[in-house]
Amino acid sequence: MDKKPEKLVPEVRFKGFTDDWEQRKLEQLNLLQKYVKEKTLPSQKKLPKLRFLNTPYNTYKFSELFKKSTKKNDGQILQNHVISVANMRWGKLPKSSSEAYMKTYFIFNEGDIAYEGNRSKNYSFGRFVANDLGNGIVSHVFSVFNSKSNFNLEFLKNYINSEQVMRDPLRMSTSRTTMMTNLVLKDIAKQTLMIPSKDEQDLLGSLYKIIQSLIELNVKKKQELIHLKNYLLQKLFV
């Protein structure tokens with residue numbers, strides 16, 4: 001009796017096709033980003049180890065740089081302009097939200113910063129997040145501040161979100177509850193920050209943006225290769 005033909009198995013092996021090489025590249029870029037921020041941002045009132053320019057860093061009180069905003073939504077901003085502060089992306093109001101409830105939201109424009117009180121292993125006293133997304137609204141649980149200075153936005157979002165920079169100012173101006181930290185406005189107003197010149201901000205902002213773009217590009221490439229791998233596995237291993 002004739003034997004049944006054996007099922008052919010392709011010689012191609014996919015181990016490491018995406019997971020190893022692309023993951024290593026991504027990890028190296030993330031390490032590079034961490035290293036660059038550590039070396040180019042001030043820490044505990046000490047100047048950064050790496051500088052672009054010899055222009056001085058000036059010391060300002062927080063209240064000289066930012067003003068607490070009390071501007072509420074007048075009802076004209078639609079639900080698709082709600083901003084999720086944690087991820088800095090467009091979010092949504094709860095389905096049960098009424099027009100009156102929408103008016104409790106704060107206006108949160110591009111260039112503003114908001115304080116988020118969630119503690120984590122990376123943020124011991126909560127964190128500030130700069131809005132580089134666009135003009136919108138955020139929940140009244142956040143404290144929103146308008147910038148008084150002409151910051152480079154790419155620099156600001158990395159600077160104000162840095163635990164290295166903001167740990168001590170926030171440690172001195174927050175109170176803890178069970179799950180959250182609350183910002184004490186009169187205390188944060190007195191904290192001091194070291195700010196580089198606008199020219200150096202522009203150079204640092206460009207550097208941070210280049211590295212972040214490389215990370216996003218590699219994440220996208222990895223996802224595309226994983227899709228390709230899955231497609232080939234479906235077609236070859238039948």
Side-chain angles (χ1 to χ4, degrees), residues 30 33-34 37-38 41-44 60-73 77 79-94 97 101-149 151-193 195 205 208-209 212 215-216:
N30 282 322
Q33 184 182 60
K34 181 180 178 182
K37 288 183 182 181
E38 285 178 354
L41 290 173
S43 175
Q44 298 178 344
Y60 301 91
K61 288 183 179 180
F62 185 90
S63 60
E64 294 177 301
L65 298 171
F66 303 99
K67 178 184 178 182
K68 178 71 171 67
S69 174
T70 57
K71 189 175 181 181
K72 295 286 186 72
N73 178 26
I77 296 181
Q79 292 190 18
N80 60 355
H81 283 82
V82 174
I83 293 175
S84 170
V85 173
N87 304 305
M88 194 43 59
R89 64 186 181 190
W90 299 113
K92 292 182 179 179
L93 283 170
S97 297
Y101 184 72
M102 283 187 68
K103 291 182 179 181
T104 68
Y105 274 52
F106 285 115
I107 300 292
F108 188 38
N109 289 329
E110 189 173 50
D112 291 346
I113 63 173
Y115 175 74
E116 182 198 27
N118 288 317
R119 301 197 308 269
S120 67
K121 65 177 182 179
N122 295 321
Y123 298 98
S124 304
F125 303 96
R127 61 176 180 149
F128 280 104
V129 180
N131 180 1
D132 66 339
L133 186 62
N135 297 344
I137 55 176
V138 292
S139 170
H140 57 274
V141 302
F142 297 102
S143 295
V144 174
F145 295 84
N146 307 131
S147 173
K148 293 182 177 180
S149 181
F151 285 107
N152 175 285
L153 184 52
E154 197 69 29
F155 165 80
L156 176 63
K157 78 174 188 179
N158 286 279
Y159 178 94
I160 207 68
N161 189 244
S162 169
E163 176 81 343
Q164 175 176 305
V165 173
M166 296 304 299
R167 177 184 171 86
D168 284 348
L170 288 175
R171 179 175 62 85
M172 299 296 292
S173 53
T174 53
S175 61
R176 292 197 174 195
T177 60
T178 304
M179 296 295 293
M180 302 277 289
T181 53
N182 295 319
L183 190 65
V184 182
L185 297 179
K186 65 181 180 60
D187 290 334
I188 190 64
K190 297 182 291 187
Q191 303 308 311
T192 57
L193 299 175
I195 306 294
Y208 300 150
K209 187 171 184 178
Q212 183 60 35
I215 290 173
E216 292 172 357

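One-based numbering along the sequence shown.
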Between [X] and [Y] (side chain of the first, backbone of the second, donor and acceptor by atom type, cut-off under 3.5 Å), is there such a pair?
| X | Y | answer |
| --- | --- | --- |
| E110 | N135 | no |
| N161 | N158 | no |
| R127 | N118 | no |
| S173 | D187 | no |
| T181 | G117 | yes |
| N131 | D112 | no |
| N73 | F106 | no |
| Y123 | E116 | no |
| N152 | E154 | yes |
| Q212 | K209 | no |

message: Please give me the minimum heavy-atom distance between M180 and R119, naming the atom from each residue.
response: O-NH1, 3.3 Å
field: Minimal non-hydrogen separation, Q164 against E38, with atom names
entry: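 Heavy-atom minimum between the residues: NE2-O, 3.2 Å.
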- prompt: Should we count NZ of K68 as having more than 12 external heavy atoms under 6.0 Å?
  reply: yes
field: Check: R167/S124 side-chain N/O donor and acceptor closer than 3.5 Å
entry: yes
I want to check something: taking the side chain as every heavy atom from C-beta on, are [X] and [Y] in contact at a cut-off of under 4.5 Å?
| X | Y | answer |
| --- | --- | --- |
| I107 | I137 | yes |
| D132 | M88 | yes |
| V184 | T174 | no |
| M172 | K190 | no |
| S139 | Y105 | yes |
| Y208 | L41 | yes |
| V144 | V138 | yes |

Residue pair L156, I113: steps toward the side-chain contact (heavy atoms from CB on, under 4.5 Å) verdict: CA-CA 9 Å; L156 176 63; I113 63 173; 4.2 Å; yes
query: Hey, what's the ring geometry for F62 with F66, parallel, tilted or perpendicular (30° and 60° as the breaks)?
result: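 Plane angle between 30° and 60°, so tilted.
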- prompt: N122: what forms a side chain to side chain contact (heavy atoms under 4.5 Å, CB included) with it, not counting sequence neighbours?
  reply: S120
query: Stepwise, does the side-chain contact (heavy atoms from CB on, under 4.5 Å) test hold for F145 with L65?
result: CA-CA 9 Å; F145 295 84; L65 298 171; over 6 Å; no
message: Please evaluate residues I160 and F151 with respect to the criterion side-chain contact (heavy atoms from CB on, under 4.5 Å), reporting the C-alpha separation (whole Å), side-chain torsions for both, the decisive distance (0.1 Å), and the verdict.
response: CA-CA 11 Å; I160 207 68; F151 285 107; over 6 Å; no
task: Enter the distance from K67:NZ to S147:OG here, rounded to the nearest 0.5 Å.
output: 12.5 Å
- prompt: Partners of K148 by salt bridge (Lys or Arg N to Asp or Glu O under 4.0 Å), sequence neighbours excluded?
  reply: none
- request: Applying ring pair (Phe, Tyr, Trp, His ring centres under 6.0 Å), name anything that partners Y115, two or more places apart in sequence or on another chain.
  value: F128
- prompt: Quick one: are the ring centres of F108 and F142 less than 6.0 Å apart?
  reply: no
